[in-house]
There are 2 protein chains.
Amino acid sequence: MPTVSSEELATAAGVNSAKLRKDFSYLGSYGTRGVGYDVEYLVYQISRELGLTQDWPVVIVGIGNLGAALANYGGFASRGFRVAALIDADPAMAGKPVAGLPVRHTDELEAIISDNGVSIGVIATPAGAAQQVCDRLVAAGVTSILNFAPTVLSVPEGVDVRKVDLSIELQILAFHEQRKAGEDSASAAATASAARSGAGGVRSSASRKGPDGDVPAVMPA
Amino acid sequence: MPTVSSEELATAAGVNSAKLRKDFSYLGSYGTRGVGYDVEYLVYQISRELGLTQDWPVVIVGIGNLGAALANYGGFASRGFRVAALIDADPAMAGKPVAGLPVRHTDELEAIISDNGVSIGVIATPAGAAQQVCDRLVAAGVTSILNFAPTVLSVPEGVDVRKVDLSIELQILAFHEQRKAGEDSASAAATASAARSGAGGVRSSASRKGPDGDVPAVMPA
DNA sequence: CCATCTTTGTGCACGCGTTCACAAAGGCAT
DNA sequence: ATGCCTTTGTGAACGCGTGCACAAAGATGG
């Protein structure tokens, strides 16, 4: 039986072994003292806890370059996601195959959602269409939305929205790049806080009251 | 002079006003007691500290769907980034305009980097080509890399790599979605820790010793 | 010029996550 | 069967970030 110790895993992941053991302990006691963790069993338990063993049908709305890139992205299937449909507002796109799936028109959105029991939607439309698409997805029964459009979406209570800003990571790199060059005390002092904020997950939630910015509201557009 | 108080900003951003003031204080004392912060001046100071006032030439390597999406992404220019060149290995792509720029062949990579003083590179190639492209970028003088390919890149000390996994955000949504349905005590206990890890920034650094996974090493591929 | 009001900047305390350190547990060799 | 060795699981301490609360500072009105 292939096993692995918390120390090996911790070294490989670059974290503390005690933290790793404590995290695992929240899932139950799957380890064997003096031996370690049964790899296969551990993988299964973590996968199950994370929902990787479940089948998650998702729809991608907005089949531009980004939407097509997402449709072709192989990482989804292995993580338990199944692209149920690709949806676009352009009638010229309808029926055209992308990543092996025919693009469906926006008119069919509600039917697709309910027919496939979709609860997760991906928005890859231009900013202008995002809110409208979001509203329709929510009305059709979607309760989790991944938003690639550069807009803050407002959703009713109980709906989760995560916003992905492709330029934020680049901005973090530039910030560090800047510090590699000229260092002054002010920059150094600010780093800890700023870097942390930057590295934090980008998320928004209906529970927040105001227009929730992932970057400070004072940031120039 | 238009001003804004820490309280207003905090409410808009959904954070604590004391934290916001403390963060600003690391950049210096730019506020006026009894009045607030001069909006224009504050914006400038933050922009400068974050490197937004600087011009960052970047190259995008791998002009597939994702590369094209990035090239067309408007958010870069407004954040101080300038796409210096689009590079692809396919000779058939060479010269073809994407987002107003002619695609250049990989052979020109080194020349483009040095001619434009590029220090930040974006990799949007298939996984198989990523490490090779990375090595050439680094050799040519790039010191910060944004990696969209599903591979962990190894780089020499001093080079920053940030990895963007488009499926991670989706996975976090699915995790919460799963918890909306059936709740058991184990899931609830694990949530705090797991959600935090999931929300954390995806990053890797040359300072880490081993093959650094942003997801646990035991995660199924 | 003084009083009052507003808002900043920050010392301090609380809470939480991380890490240390060790007892308990299980395997394995003799 | 017994003792030793390895590794887990976790109680406790440490460190750090966040939030509270207030003194200092500046504006504003009388």
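Every chain is numbered from 1, with letters handed out A, B, ... down the list of sequences.
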| said: So, OP1 or OP2 of D:dG9: does either fall under 4.0 Å of a side-chain N or O from A:Ser25? | reply: no

| request: Would you indicate, yes or no, if C:dT7 has its OP1 or OP2 atom less than 4.0 angstrom from a side-chain nitrogen or oxygen of B:Ser5? | output: no

| message | Counting C-beta onward and ignoring hydrogens, is there a side-chain heavy-atom pair between A:Ile145 and A:Val138 closer than 4.5 Å? | response | yes

| Are B:Lys163 and B:Leu153 side-chain neighbours, meaning at least one heavy-atom pair lies under 4.5 Å? | no

| task | Step through the shown structure and confirm whether more than 12 heavy atoms of other residues, nucleotides or ligands are within 6.0 Å of CD on B:Gln54. | result | yes

Would you kindly give the [atom1]-to-[atom2] distance between [X] and [N], to the nearest whole Å?
X: B:Asp23; N: C:dT10; atom1: CG; atom2: C1'; answer: 13 Å
X: B:Leu20; N: C:dT10; atom1: CG; atom2: P; answer: 14 Å
X: A:Asp38; N: D:dT7; atom1: CG; atom2: P; answer: 16 Å
X: A:Asn16; N: C:dG17; atom1: CG; atom2: C1'; answer: 12 Å
X: A:Tyr26; N: C:dT18; atom1: OH; atom2: C1'; answer: 11 Å
X: B:Leu9; N: C:dT7; atom1: CG; atom2: P; answer: 12 Å
X: B:Arg21; N: D:dC20; atom1: CZ; atom2: C1'; answer: 10 Å
X: A:Tyr30; N: C:dA25; atom1: OH; atom2: C1'; answer: 19 Å

| A:Tyr30 ring center within less than 6.0 Å of A:Phe24 ring center | no

| task | May I ask you to check whether B:Tyr41 and B:Gln45 show a side-chain donor-acceptor distance below 3.5 Å? | result | yes

Given [options], identify the nucleotide with an atom nearest to the side chain of [X].
X: B:Lys19; options: C:dT19, C:dT7, D:dG19; answer: D:dG19
X: B:Ala18; options: D:dT10, D:dC20, C:dT8; answer: D:dC20
X: B:Tyr37; options: C:dT19, C:dG9, D:dA27; answer: C:dG9
X: A:Arg33; options: C:dA23, D:dA21, C:dC12; answer: C:dA23

| request: Would you mind telling me which residue lines up with the more 5' stretch of DNA chain C, A:Lys22 or A:Thr32, judged by nearest nucleotide? | output: A:Lys22

| task | Under 4.0 Å between any heavy atoms, over every strand shown, what does B:Ser6 touch: base, sugar-phosphate, or nothing? Just pick one. | result | sugar-phosphate

| note | By nearest-nucleotide position on DNA chain D, the 5'-leaning member of A:Gly31 and A:Gly34 is A:Gly34

